[in-house]
Amino acid sequence: MKKDFYVDERGYYGEFGGAFVPAPLEKNVEELRACYREIIDSEAFQTEYRALLKNYVGRPSPLYLSPSLSEKCGCKIFLKREDLNHTGAHKINNTIGQILLAKHMGKKRIIAETGAGQHGVATATVCALFGFPCTIYMGAVDMERQHLNVEKMRLLGATVVPATSGEQTLQDAVNEALMEWCAAPEETFYLLGSAVGPHPYPDLVSRLQAIISEEIQMQIPVVAGVEKPTHLVACVGGGSNAAGTFFHFLSDEDVKITIAEASGKGLETGATAATLTLGKEGVLHGSKSLMMQDEKGDPLPPYSISAGLDYPGVGPLHATLVKTGRADVVTVTDDEALTAAYELNRKEGILPAIESAHTIASLSKIKFAPTDVVVATLSGRGDKDIDTYLHHAKRLGY
Ligand SMILES: *Cc1c(COP(=O)(O)O)cnc(C)c1O
């Protein structure tokens, strides 16, 4: 069995990964593949990237001992506070890195896709900072549902283009962004938002988010007096905050890994986004991984109350971690996540993003020993979800 979980030259983590793209896109993907490691590992890139993470994003993010969760779980639970980053989530770590990469490659303009608009806002933010023109593709239905993020992107100077094909959601936004990338290849950089897509994107995004686990390695001896955590826990939509949380610990089997995924209204209801639990092998958005599909192999639309976890696939790294037994999966329903969010807010004054609330809820489904030292990544803050929280509060007793 594969003991390390880093990508090979062809972009595979074991059996999952690769780069499945139509012929007109091969040149663009290959150009990126050929240069990304050399650029992001260079001293010039690292100096600029780290200075921005410190002074613009506000890193390092704190590793905070949660009294109420520690009491509930009977061991030490630390929260990695990505909610305190500029723009309110981990996504900015990746967009800062990719815009620097685009600059080093001599690109002049950025395109991106967005589902709920969180990645779109993080992309429009760094484009404002670097003075890059920016076009964001977003499903027309999503634009209506996430009106505030559309306005934020426009205020930042981005052009938001509605994707009007298919279901008019993320899937279609990805397709239209890829078509646009084919049409204007030379000067255009496609800034992808999660650890998905054709190689090298899953590896690129994982390495840019790996700052999370790098900081955990430095912080845990200081705050917990131990060399390393016993458990890492993170939620997975496409997989970027989880990949960043696990990255430097992937080969260390002393550190247990648990992935929280959204089961929506329940695993058996058909309204679920539990890709790692229910998904089957297939190719989606340029790589081989697990995805929600029916008996005929056609993609099934996912469902979760959390827009960030409402994705039909999952990154190839995460499929490999689960398939090889390196990671466990815990599923969390909409109501379990909502309740965990209300509770953390009441007890500690931290309102998590509804995505991150899945991570918090998963903690009470994991068996811990009293000596365990757990790091759970709080991927974002809940301001964006306030309407959802208000809508369900009374029903759930808050
Ligand atoms: C987008 C988002 C996620 C899901 O994306 P990943 O790539 O799986 O990390 C999780 N939490 C928050 C706060 C998000 O904005």
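Just so you know, residue 1 is the first one in the sequence shown, and it goes up from there. Just follow the structure's listing: the first ligand is 1, and inside any ligand the first atom is 1.
Shortest contact from atom 3 (C) of ligand 1 to any protein heavy atom: K91 NZ, 3.6 Å. The nearest heavy-atom contact from the protein to atom 4 (C) of ligand 1 is G308 O, 3.4 Å.
Residues L191 and I111 have side chains not in contact (no heavy-atom distance under 4.5 Å, counting atoms from C-beta outward). A 4.5 Å side-chain heavy-atom check between D335 and R395 finds at least one atom pair inside the cut-off.
Looking at ligand 1, you'll find an N or O of S379 within less than 3.5 Å of one of its N or O atoms. At under 3.5 Å, a nitrogen or oxygen of G237, whether backbone or side chain, sits near a nitrogen or oxygen of ligand 1. Looking at ligand 1, you won't find any N or O of V236 less than 3.5 Å from one of its N or O atoms. Between S194 and ligand 1, at least one N/O pair is under 3.5 Å apart. The shortest N or O to N or O distance between Q118 and ligand 1 is not under 3.5 Å.
Distances below 4.0 Å separate heavy atoms of S240 from the following atoms of ligand 1: 6 (P), 7 (O), 8 (O), 9 (O). Ligand-side atoms of ligand 1 in range of G380: 13 (C), range being under 4.0 angstrom from any heavy atom.
Ring pair H285/Y311: centre-to-centre distance below 6.0 Å.
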- Message: Walk me through whether K72 and E343 qualify under side-chain contact (heavy atoms from CB on, under 4.5 Å).
- Response: CA-CA 11 Å; K72 188 167 187 184; E343 215 172 289; 3.2 Å; yes
- Item | R50 and E214: CA distance, side-chain angles, deciding distance, salt bridge (Lys or Arg N to Asp or Glu O under 4.0 Å) verdict | CA-CA 12 Å; R50 281 164 193 275; E214 188 185 303; 2.8 Å; yes
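Cluster annotation: V161 is connected to F132 through the hydrophobic network of ILVMFWY side chains, with a link wherever side-chain heavy atoms come within less than 4.5 Å.
Hydrophobic cluster membership of Y342, counting Ile, Leu, Val, Met, Phe, Trp and Tyr whose side-chain heavy atoms lie under 4.5 Å apart directly or via other members: Y303, I305, L338, L351, I354, I386, Y389, L390, L396, Y398. Other members of a hydrophobic cluster containing M179 are absent, since no ILVMFWY side chain comes under 4.5 Å of it, directly or through relayed contacts.
When non-hydrogen atoms are compared, ligand 1 lies under 4.0 Å from the side chain of H90 (C-beta onward) but not from its backbone. Using a 4.0 Å cut-off between heavy atoms, H119 makes no contact with ligand 1 at all. Of the heavy atoms in A353, only side-chain atoms (C-beta onward) come closer than 4.0 Å to ligand 1.
Not a single heavy atom of A242 sits closer than 4.0 Å to an atom of ligand 1.
Using a 4.0 Å cut-off between charged nitrogen and carboxylate oxygen, E71 and K347 do not count as a salt-bridge pair.
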